Amino acid sequence: QVQLVESGGGLVQSGGSLRLSCAASQRTFNWYYMGWFRQAPGKEREFVARMSTGGSTDYGDSVKGRFSISRDNAKKTVTLQMNSLNTEDTAVYYCAAGSIWSREAGLYDYWGQGTQVTVSS
């Protein structure tokens with residue numbers, strides 16, 4: 001299985017920025033679609049962003065224009081640049097990998113343990 005480890009979470013004030021990173025341990029990283037999801041207390045896991053091996057991207061409505069996903073196949077990493085953060089962005093953020101181009105969390109095969117992002121007002 002692909003091992004994924006997120007990093008970069010923390011506490012930031014409203015309007016600030018954070019950059020999350022996800023490192024993969026598998027040589028086959030380049031063959032997977034990558035996604036970012038988040039889950040706030042009491043809420044379902046929410047789609048944030050996804051990116052294909054060819055560079056296509058897609059974003060959830062709540063983060064469009066503020067977040068940006070990218071990947072470095074040579075380094076086997078995927079990143080999520082988060083700008084203009086607000087308190088509603090507070091959640092645990094998860095990196096995911098899968099073989100299906102989808103916004104649905106259940107269709108991804110591999111998951112990291114998550115990293116906490118807290119936005120204060």
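This structure is a prediction, so every number in the text was calculated from the model and none was measured. Starting from 1, each residue takes its place in the sequence as its number.
- In this structure, a donor-acceptor pair under 3.5 Å is absent between the side chains of Arg71 and Thr79.
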Does the pair Thr115 and Leu20 meet the rule for a side-chain contact (heavy atoms from CB on, under 4.5 Å), with working shown?
CA-CA 8 Å; Thr115 184; Leu20 306 182; 4.1 Å; yes
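- Looking at every heavy atom in both residues, Trp111 comes nearest to Ala105 through CZ2-O, 3.2 Å.
- In this structure, the separation between CD on Gln81 and OG on Ser21 is 9.5 Å, given to the nearest 0.5 Å.
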Should Tyr33 and Ser99 be marked as a side-chain contact (heavy atoms from CB on, under 4.5 Å) after you check the CA-CA gap, both sets of side-chain angles, and the distance that decides it?
CA-CA 6 Å; Tyr33 301 122; Ser99 300; 5.7 Å; no
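- Residue Val12 is grouped with residue Leu80 when hydrophobic side chains (ILVMFWY) are merged at heavy-atom distances under 4.5 angstrom, including chains of intermediate members.
- Between Ala91 and Ala40, the shortest heavy-atom contact is CB-N, 3.8 Å.
- Under a hydrophobic-cluster definition in which Ile, Leu, Val, Met, Phe, Trp and Tyr are linked whenever side-chain heavy atoms come within less than 4.5 Å, directly or via other members, Phe47 and Trp36 are assigned to different clusters.
- Ring-centre distance between Tyr108 and Phe37: below the 6.0 Å cut-off.
- Without hydrogens or angle criteria, Glu6 side chain to Gly114 main chain gives a donor-acceptor distance under 3.5 Å.
- When the side chains of ILVMFWY residues are joined at heavy-atom separations under 4.5 Å, either directly or via intervening members, Tyr93 and Val119 end up in a single hydrophobic cluster.
- Donor-acceptor pairing under 3.5 Å is lacking for the side chains of Ser121 and Ser14.
- Counting all heavy atoms, side chain and backbone alike, Tyr59 lies closest to Ala49 at CD2-CB, 3.6 Å.
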Let me see the working for Thr53 and Met34 under side-chain contact (heavy atoms from CB on, under 4.5 Å), right down to the final yes or no.
CA-CA 8 Å; Thr53 55; Met34 301 299 297; over 6 Å; no
Carefully, step by step, assess Phe67 and Leu85 under the rule side-chain contact (heavy atoms from CB on, under 4.5 Å).
CA-CA 9 Å; Phe67 291 10; Leu85 289 164; 3.8 Å; yes
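- Judged by the 6.0 Å and 45° rule, Arg38 forms no cation-pi pair with Tyr94.
- The shortest non-hydrogen separation linking Val2 to Ala24 is CG1-CB, 4.3 Å.
- Side-chain N/O atoms of Asn83 and Ser17 include a donor and acceptor closer than 3.5 Å.
- Contact record, Trp101 with Ser52: CZ3-N, 3.4 Å, taken as the closest heavy-atom pair.
- The CG atom of Asp109 sits 7.0 Å away from atom CD1 of Ile100, with the distance rounded to the nearest 0.5 Å.
- Taking the centre of each ring, Tyr32 and Tyr110 come in below the 6.0 Å mark.
- Note: Asp89 CG to Thr118 OG1 = 11.0 Å, rounded to the nearest 0.5 Å.
- If you check the side chains of Glu46 and Ser62, you find a donor sitting under 3.5 Å from an acceptor.
- Between the CD atom in Gln116 and the OG1 atom in Thr90 there is a gap of 7.5 Å [rounded to 0.5 Å].
- By the 4.5 Å heavy-atom criterion applied to side chains, Cys22 and Val5 are not counted as neighbours.
- Counting heavy atoms of neighbouring residues, nucleotides and ligands inside a 6.0 Å radius, atom CD of Glu88 does not exceed 12 of them.
- Looking only at distances, no side-chain donor or acceptor of Arg50 sits under 3.5 Å from a matching main-chain atom of Ile69.
- The shortest distance between side-chain heavy atoms of Arg19 and Ser70 falls below 4.5 Å.
- For the atom pair CG (Leu4) and NZ (Lys76), the distance works out to 12.0 Å, reported to the nearest 0.5 Å.
- Between Val117 and Leu18, the closest heavy-atom pair is CG1-CD1, 3.8 Å.
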